[in-house]
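Written out below as structure tokens is the structure these notes cover.
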Amino acid sequence: MKTTNNTLRMPLIGFGTLITGATETISATRDALDAGFRHFDCAERYGNEREVGEALQEGLSAGGIAREDIFVTTKLWNTNHRPERVAPAFDASMKKLGLDTLDLYLIHTPFAFQPGDNQDPRDQNGNVLYDRGVTLLDTWRAMEALVDSGRCRAIGLSDIGLDKLLPLYDSARIKPAVVQVEAHPYLPETELLEFCKAKDIVLLAFAPLGHGMKPGPLDDPIVSAVAARVGKTPAQVLLAWAVQRGTALLTTPKSAARARENLDVTALPQEAFDEIDRIQTRQRLNDVVKTGSPGFIPRSP
Ligand SMILES: NC(=O)c1ccc[n+]([C@@H]2O[C@H](COP(=O)([O-])OP(=O)(O)OC[C@H]3O[C@@H](n4cnc5c(N)ncnc54)[C@H](OP(=O)(O)O)[C@@H]3O)[C@@H](O)[C@H]2O)c1
């Protein structure tokens with residue numbers, strides 16, 4: 001469990017719902033709940049909040065699990081940054097998820113796109129149409145109002161660097177509780193992590209397994225050698241490293257066996273942790289942080 005600066009308790013290992021296909025979303029979410037995941041990361045942009053909500057509702061009642069026992073996040077998409085669009089976008093997500101209150105609402109990226117129903121607005125040359133008429137602070141004020149309304153327990157940001165986080169943090173009336181960014185041994189985000197620790201913000205790492213890409217952290221020779229030595233899988237080693245350095249994390253196992261594997265995480269011996277810390281390879285796998293355009297969005301089946 002991680003406790004945020006507003007005393008919210010978040011399970012350290014979260015299940016990410018960036019999954020292609022309705023059937024796959026439902027079965028992977030049910031498998032994750034059954035395996036013991038209690039933290040679910042969703043987004044308007046993933047286009048599957050309804051399926052995640054359905055799987056959660058069914059799983060909660062079948063397993064006798066209370067709503068309060070799970071932690072649910074969803075995210076405001078770039079086309080809804082105008083303050084007057086924030087509450088309607090929140091309400092739409094809540095309706096799809098079938099929830100009355102949300103644990104955490106994140107601004108998905110700091111980039112405002114042209115408002116409207118088209119989630120990926122582009123000009124005739126294929127360039128993203130940004131919205132210059134709204135600032136991140138304008139959007140944040142509307143997020144703060146959601147917390148004031150009592151329907152959302154905490155708010156935060158995603159795909160943001162310190163350059164944009166610092167001024168927002170200074171101006172925020174309600175401080176961000178969570179910052180969600182790509183983080184793994186090839187992109188440790190050490191400076192951002194230090195800032196978050198100093199301010200009691202939870203750094204929530206996505207792509208802790210490097211989005212499963214190979215080559216990538218999952219088949220890194222140092223990670224493989226540590227895994228063989230400690231009798232764990234490379235995935236378990238990467239997840240343990242993420243937890244031990246003080247982040248929470250999101251992972252997206254798509255089978256029941258992998259869901260159990262990814263929750264079966266135990267601390268690494270200090271020398272193994274240090275060895276992974278010393279990996280020098282540097283690679284960002286997802287460029288969403290640079291443009292606001294997601295690298296990995298499921299296509300409709
Ligand atoms: N804020 C953002 O912009 C943003 C961007 C991306 C993701 N996210 C969030 O972060 C979540 C995590 O996604 P991710 O891609 O970053 O997750 P990840 O866990 O780093 O990578 C998922 C990949 O790892 C593989 N995998 C999972 N468990 C494994 C295991 N035990 N052994 C070997 N391979 C394994 C999966 O393979 P299979 O498919 O074969 O199971 C999949 O290809 C997303 O679902 C989403 O909620 C947020």
Side-chain angles (χ1 to χ4, degrees), residues 10 13-21 24-25 27-29 31-32 35 37 39-49 51-52 55 71-78 93 97 104-111 119 156-161 176 178-187 189 192 202-220 223-224 227 232-243 247-265 283-298:
M10 167 199 269
I13 301 186
F15 175 75
T17 64
L18 179 48
I19 300 167
T20 310
E24 293 78 2
T25 299
S27 69
T29 305
D31 286 343
F37 278 90
H39 167 178
F40 296 85
D41 180 78
C42 315
E44 175 189 353
R45 184 68 175 101
Y46 301 163
N48 59 2
E49 287 169 308
E51 287 78 13
V52 174
F71 184 103
V72 183
T73 301
T74 196
K75 312 187 193 85
L76 177 84
W77 183 237
N78 301 353
S93 285
L97 287 166
L104 175 66
Y105 200 39
L106 300 177
I107 299 182
H108 200 143
T109 87
F111 297 89
Q119 292 191 326
L157 297 135
S158 170
D159 297 321
I160 193 163
V178 174
V179 169
Q180 182 185 130
V181 292
E182 176 183 343
H184 43 71
Y186 290 3
L187 187 68
E189 292 283 16
L192 181 62
V202 174
L203 192 151
L204 179 55
F206 76 75
L209 307 180
H211 281 321
M213 288 178 174
K214 291 183 181 172
L218 259 182
D219 63 355
D220 182 278
V223 174
S224 304
K232 289 283 192 175
T233 66
Q236 289 169 327
V237 167
L238 287 167
L239 301 179
W241 175 82
V243 171
T247 70
L249 63 89
L250 297 171
T251 174
T252 310
K254 309 219 185 58
S255 68
R258 276 198 172 163
R260 288 192 294 273
E261 175 185 338
N262 292 6
L263 271 184
D264 180 18
V265 172
Q283 190 181 9
R284 181 183 290 286
L285 300 165
N286 196 323
D287 274 344
V288 60
V289 70
K290 295 181 187 161
T291 62
S293 282
F296 300 85
I297 288 292

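Computed from a predicted model, the values in this text were never measured in an experiment. Counting starts at 1 for both ligands and their atoms, in listed order.
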Legend entry - Separation of Leu204 CG from Leu157 CG (nearest 0.5 Å): 12.5 Å
Inset, instruction - Answer yes or no: is there a donor N or O on one side and an acceptor on the other, between the side chain of Glu44 and the main chain of Ser93, under 3.5 Å? - result: no
Legend entry - Within-cut-off N or O pair, Asn262 and ligand 1, under 3.5 Å: yes
Legend entry - Interfacing atoms of ligand 1 (cut-off 4.0 Å, heavy-atom, Glu261): 30 (C), 31 (N), 32 (N)
Inset, instruction - Mark up the atoms of ligand 1 that fall under 4.0 Å of a heavy atom belonging to Gly16, in ascending order. - result: 11 (C), 44 (C), 45 (O), 47 (O)
Legend entry - Sidechain N-carboxylate O distance under 4.0 Å for Lys75, Glu49: no
Legend entry - Minimum heavy-atom distance between Val178 and Leu106, given as atom pair plus value: O-CD2, 4.1 Å
Legend entry - Residue Ala235 vicinity, atoms of ligand 1 by number, heavy atom under 4.0 Å: 30 (C), 31 (N), 32 (N)
Legend entry - Gly210: numbered ligand 1 atoms lying under 4.0 Å from its heavy atoms: 20 (O)
Inset, instruction - Starting at CD1 of Ile19, measure out to OG1 of Thr25 and round the result to the nearest 0.5 Å. - result: 5.0 Å
Inset, instruction - Please say whether Leu18 places an N or O atom under 3.5 Å from an N or O atom belonging to ligand 1. - result: yes
Legend entry - CZ-CG distance between Arg258 and Asp31, expressed to the nearest 0.5 angstrom: 13.0 Å
Inset, instruction - Could you see which bit of Glu182 sits under 4.0 Å from ligand 1, with heavy atoms only: side chain, backbone, both or neither? - result: neither
Legend entry - Enumerated ligand 1 atoms positioned under 4.0 Å from heavy atoms of Leu218: 33 (C), 34 (N)
Inset, instruction - Could you say whether the N/O atoms of Pro253 and ligand 1 ever approach to under 3.5 Å? - result: no
Inset, instruction - Give a yes/no verdict on whether any heavy atom in Met213 is under 4.0 Å from an atom of ligand 1. - result: no
Legend entry - Those atoms of ligand 1 less than 4.0 Å from some heavy atom in Pro208: 20 (O)
Inset, instruction - Could you check Asp159, Leu104, Leu250 and say which one makes a side-chain contact (heavy atoms from CB on, under 4.5 Å) with Gln180? - result: Leu250
Inset, instruction - Answer with side chain, backbone, both or neither: which part of His211 has a heavy atom less than 4.0 angstrom from an atom of ligand 1? - result: both
Legend entry - Polar proximity ligand 1 side, Asp159 side, N/O cut 3.5 Å exclusive: yes
Legend entry - Residue pair Ala205 / Thr247: nearest heavy atoms and the distance that separates them: CB-OG1, 4.1 Å
Legend entry - Nearest-0.5 Å distance, OG1 of residue Thr251 to CZ of residue Phe206: 13.0 Å
Inset, instruction - Check each atom of ligand 1 against the heavy atoms of Asp41 and keep those under 4.0 Å away; list them by number with element. - result: 9 (C), 46 (C), 47 (O)
Legend entry - Numbered atoms and elements of ligand 1 in range of Thr251, under 4.0 angstrom, heavy atoms: 19 (O)
Inset, instruction - Search all heavy atoms of Pro208 against all heavy atoms of Leu238 and return the closest pair with its distance. - result: O-CB, 3.7 Å
Inset, instruction - Specify side chain, backbone, both or neither for Lys254, according to which of its non-hydrogen atoms lie closer than 4.0 Å to ligand 1. - result: both
Legend entry - Heavy atom of Tyr46, distance to ligand 1 below 4.0 Å: yes
Legend entry - Distance, nearest 0.5 Å, that separates OG of Ser158 from CD of Glu182: 11.0 Å
Legend entry - Ser158, portion touching ligand 1 at heavy-atom distance under 4.0 Å: side chain
Legend entry - Test item: Asn262 side-chain N/O and Ala259 main-chain N/O as donor-acceptor pair under 3.5 Å: no
Legend entry - Pro294 near ligand 1 by a heavy-atom separation under 4.0 Å: no
